[in-house]
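One structure is given below, encoded as structure tokens.
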Amino acid sequence: MAAPEAWRARSCWFCEVAAATTMEATSREAAPAKSSASGPSAPPALFELCGRAVSAHMGVLESGVWALPGPILQSILPLLNIYYLERIEETALKKGLSTQAIWRRLWDELMKTRPSSLESVTCWRAKFMEAFFSHVLRGTIDVSSDRRLCDQRFSPLLHSSRHVRQLTICNMLQGATELVAEPNRRVLETLASSLHTLKFRHLLFSDVAAQQSLRQLLHQLIHHGAVSQVSLYSWPVPESALFILILTMSAGFWQPGPGGPPCRLCGEASRGRAPSRDEGSLLLGSRRPRRDAAERCAAALMATRRKSEAKQMPRAAAATRVTRRSTQESLTAGGTDPKRELHPPATSHEAPGTKRPPSAPATTSSATSSTSSSKRGPASSAPQPKPLKRFKRAAGKKGARTRQGSGAESEDLYDFVFIVAGEKEDGEEMEIGEVACGALDGSDPSCIGLPALEASQRFRSISTLELFTVPLSTEAALTLCHLLSSWVSLESLTLSYNGLGSNIFRLLDSLRALSGQAGCRLRALHLSDLFSPLPILELTRAIVRALPLLRVLSIRVDHPSQRDNPAVPGNAGPPNHIVGDEEIPENCLEQLEMGFPRGAQPAPLLCSVLKASGSLQQLSLDSATFASPQDFGLVLQTLKEYNLALKRLSFHDMNLADCQSEVLFLLQNLTLQEITFSFCRLFEKRPAQFLPEMVTAMKGNSTLKGLRLPGNRLGNAGLLALADVFSEDSSSSLCQLDISSNCIKPDGLLEFAKRLERWGRGAFGHLRLFQNWLDQDAVTAREAIRRLRATCHVVSDSWDSSQAFADYVSTM
């Protein structure tokens, strides 16, 4: 009896407090509520009114609300704002209540976006809070516009920061300055422990102040925090100084920027502790311990960039207070020729193909100009610049750094013109290029900026680096390669459409050097590009030789290389130490994915990779073409003999119409658990003879669990033939079947479902039916899917089959 009495006591307390609070604080809401409360709807309206009153005074009533019985608390939860709803989560779970539906409704009403169908949301509270943090930081949401978001007792950024696992910085580094500001110090400290992934999207040109803020932000989040992954997306015209800053900070290098405040955490960490075993070799003191080429080059690049920033900082402040005309007059008065800046001649000392960073100052003193001109060659040797696209500046937001006044547009144009003027095309020279080449050639460290290395330190670095659609200049590629050669903490590297070109050879050298480092952790490499100076199979062999401990390798080249066409004049071969005829040593590859360009591929080269990969468990070949079915059979025979651990095999966009005997050979393999033939034209020839042979092979295979056949024009006849795989005399254990995009009609699907019912066995776990012609008879399709759901989980969609008229004609 004690429990019911406690419930009644709590209920009476809630009613008393709610009634008193309602009378005191919500009199304006109570009058219309009472006037409209009539009939059966009166009690719920009164309860909701009381709940809103309690929600509005949670600062006083919070502890009492937490102690309420579960049924009453469940009705109050939807009325709380996001701050108290987040705070009460643990108490609600103890009472057997879930807030997931409330957070999902908040997401739909406030964020107004639908999560991707590929995304599986396990916690809507964390997802909402993470998105809420980003919107508040960028100023794209007004917390005062909704009572559920506004509470003077809480800081939106601080309260949501502990749920942030992934942070995206866009455009002109919006948010970086706000996060390193002193009022948000606790926010940044919380992010340092909760944040794991830092993403940069669509970056534009930035000023020195923004880069200084970013430097401090990266230092705390990476060097003193828990960030383990940095990803860069869609940066068509990378700013060299900013790109090198992100790379070097991600690799663990740190030096305070010019005029920047000292790091409080570095001071606290350095007090009372002796240098670690590695620290003596990473820090340069008066004795100048030996450093490898990667560390010397990276630190020298940082020193050169900081020197450039130090020169630019006083001019950056003055430039915002003058008009374009006055600035041009000052350029002329200073003796600087704008045309010379736009078309700087090349020198004989600097690396060809390097670019001067756009952050370099547009103006120089007369002394610097004379010094630079003494190094340069004739002006006629300068290549003509290529036209550059103009990119819009990021739109300002409330609370962010924006230019105000009527002259903002003209200043934006001025900045764009003179920033672009600072860029250099491939083949032109730059000071950083000289430093990089000096480090490459192993020159004396004293010649490449040793004084700047004395203050350089190396801290914690990230384990995952991803570069998507970020074109790499020679300077950027040199920096990346030098950093990679000693980046032992790196576990996964993704380089996607970066225009590496011949820099791929430098990348292979750096990966080989990294593999020789003690403690190298690199286990996953994802490489894709439009072109490659090496054919894809030779590139794969070179990577496997350079990284024998690699577990995952994904490589894709969209177009053939020049070496695929020997008739191309001036086709120089790769270095001998990269491509050789020696056998590949045994490696640790477990997953290999390859996307091929058009043209026949030499099967022996692929077989050599497979023979050395005895631990391979998953193989995917996309758009692979072989000279004959015999070559394809040779690859399959190699898999059977040397890759006994292979479990998953996938073929996509391959013409296997003439390889039916090889396909049957695969289906009889008793080690494979999943096979994918995606858009492989399997049933283009001899379907009446091939389908029964295929079904017979599958009925005798008891290890195959998944078969994916999307885009093979199976049709109704082929689907009914596959139904025999699940007959009573079959030993098949198939539990996943994908027949998407196979010209299947509703009547054929219904007959397939009836056959499965007639055999009376659980056919399989998942059936995928995307992009079939089920809209031709919606009633029959619904009946077929209803019957199928009695034996399996059906995944389908609503697709307009009129888009597939050409496929329909081809199967008539």
Side-chain angles (χ1 to χ4, degrees), residues 14 17-18 21-22 24-30 32-33 36 44-68 70-93 95 97-115 121-165 167 175 178 184 186-187 190 194 397-399:
F14 168 72
V17 171
T21 308
T22 302
E24 178 182 355
T26 61
S27 58
R28 285 178 296 181
E29 296 181 10
S36 62
L46 179 60
F47 186 90
E48 181 179 355
L49 180 62
C50 296
R52 289 184 181 276
V54 171
S55 174
H57 293 78
M58 281 292 290
V60 179
L61 307 175
E62 183 175 9
S63 59
V65 173
W66 287 13
L68 284 173
I72 298 180
L73 184 60
Q74 185 174 15
S75 301
I76 294 179
L77 290 178
L79 306 176
L80 300 178
N81 61 38
I82 62 172
Y83 308 103
Y84 285 110
L85 183 62
E86 194 272 341
R87 287 165 60 92
I88 208 172
E89 179 79 16
E90 185 177 351
T91 301
L93 290 177
K95 295 179 181 292
L97 304 177
S98 174
T99 61
Q100 290 299 303
I102 303 175
W103 289 109
R104 174 62 193 268
R105 185 168 65 252
L106 286 171
W107 176 275
D108 293 338
E109 295 176 358
L110 298 176
M111 299 302 169
K112 296 181 175 60
T113 57
R114 180 175 298 178
V121 181
T122 58
C123 181
W124 282 100
R125 177 185 62 156
K127 182 175 180 61
F128 178 89
M129 282 296 194
E130 184 175 74
F132 177 67
F133 178 91
S134 298
H135 282 295
V136 173
L137 182 64
R138 299 171 193 165
T140 54
I141 192 171
D142 183 10
V143 295
S144 63
S145 63
D146 196 298
R147 65 168 186 83
R148 295 168 293 182
L149 306 178
C150 181
D151 196 315
Q152 298 298 328
R153 293 179 290 268
F154 298 96
S155 165
L157 286 178
L158 181 60
H159 196 82
S160 57
S161 58
R162 69 187 187 94
H163 296 283
V164 180
R165 301 293 180 268
L167 179 64
E178 288 79 3
N184 290 325
R186 291 181 57 195
V187 176
T190 305
S194 66
K397 67 177 183 63
K398 184 178 180 180

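Keep in mind that this is a model prediction, so the values were computed, not measured.
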Taking it one step at a time, do Leu137 and Leu167 satisfy side-chain contact (heavy atoms from CB on, under 4.5 Å)? CA-CA 10 Å; Leu137 182 64; Leu167 179 64; 4.2 Å; yes
Non-neighbouring partners of Thr122 that pass side chain to side chain donor-acceptor pair (under 3.5 Å), sequence neighbours left out: none
Quick one: SG on Cys123 to NE2 on His163, what's the gap to the nearest 0.5 Å? 8.0 Å
Please report the closest heavy-atom contact between Leu79 and Arg147, naming both atoms and the distance. O-NH1, 3.4 Å
Between the side chain of Trp107 and the main-chain N/O of Arg125, is any donor-acceptor distance below 3.5 Å? no
Heavy-atom closest pair, residues Thr190 and Ser161: CG2-OG, 3.3 Å
Where Lys112 and Glu109 come nearest, the two heavy atoms and their spacing: NZ-O, 2.7 Å
Heavy-atom closest pair (Ser145 atom, Asp142 atom, distance to 0.1 Å) is OG-O, 2.6 Å
Take atom CZ in Arg114; do more than 12 heavy atoms of anything else shown fall under 6.0 Å from it? no
Indicate yes or no: at least one non-hydrogen side-chain atom of Pro78 is less than 4.5 angstrom from one of Arg105. yes
Once you round to the nearest 0.5 Å, how far does CZ of Arg148 lie from CG of Leu85? 11.0 Å
Should Ser194 and Arg165 count as side-chain neighbours, where that means a heavy-atom distance under 4.5 Å? yes
If I take atom CH2 from residue Trp66 and atom CG from residue Leu73, how far apart are they, to the nearest 0.5 angstrom? 10.5 Å
Among Phe132, Phe128, Trp124, find the one that has a ring pair (Phe, Tyr, Trp, His ring centres under 6.0 Å) with Trp103. Phe128
Which pairs with one or both residues in residues 56-66 pass salt bridge (charged side-chain N to carboxylate O under 4.0 Å, His left out), sequence neighbours excluded? Glu62-Arg87
Within the 4.5 Å heavy-atom criterion, are Met129 and Arg162 side-chain neighbours or not? no
From Glu89 atom CD to Gln100 atom CD, the distance as rounded to the nearest 0.5 Å: 6.5 Å
One should read off an interatomic distance between Tyr84 OH and Leu77 CG, to the nearest 0.5 angstrom, of 14.5 Å
Roughly how far apart are Ile82 CD1 and Leu149 CG, rounded to 0.5 Å? 5.0 Å
Contact between Val65 and Leu80 at the side-chain level, heavy atoms closer than 4.5 Å - yes or no? no
Smallest separation among heavy atoms of Leu97 and Gly70, with atom names: CD1-O, 3.7 Å
Test Lys95 against Gln74 for side-chain contact (heavy atoms from CB on, under 4.5 Å), laying out the working first. CA-CA 9 Å; Lys95 295 179 181 292; Gln74 185 174 15; over 6 Å; no
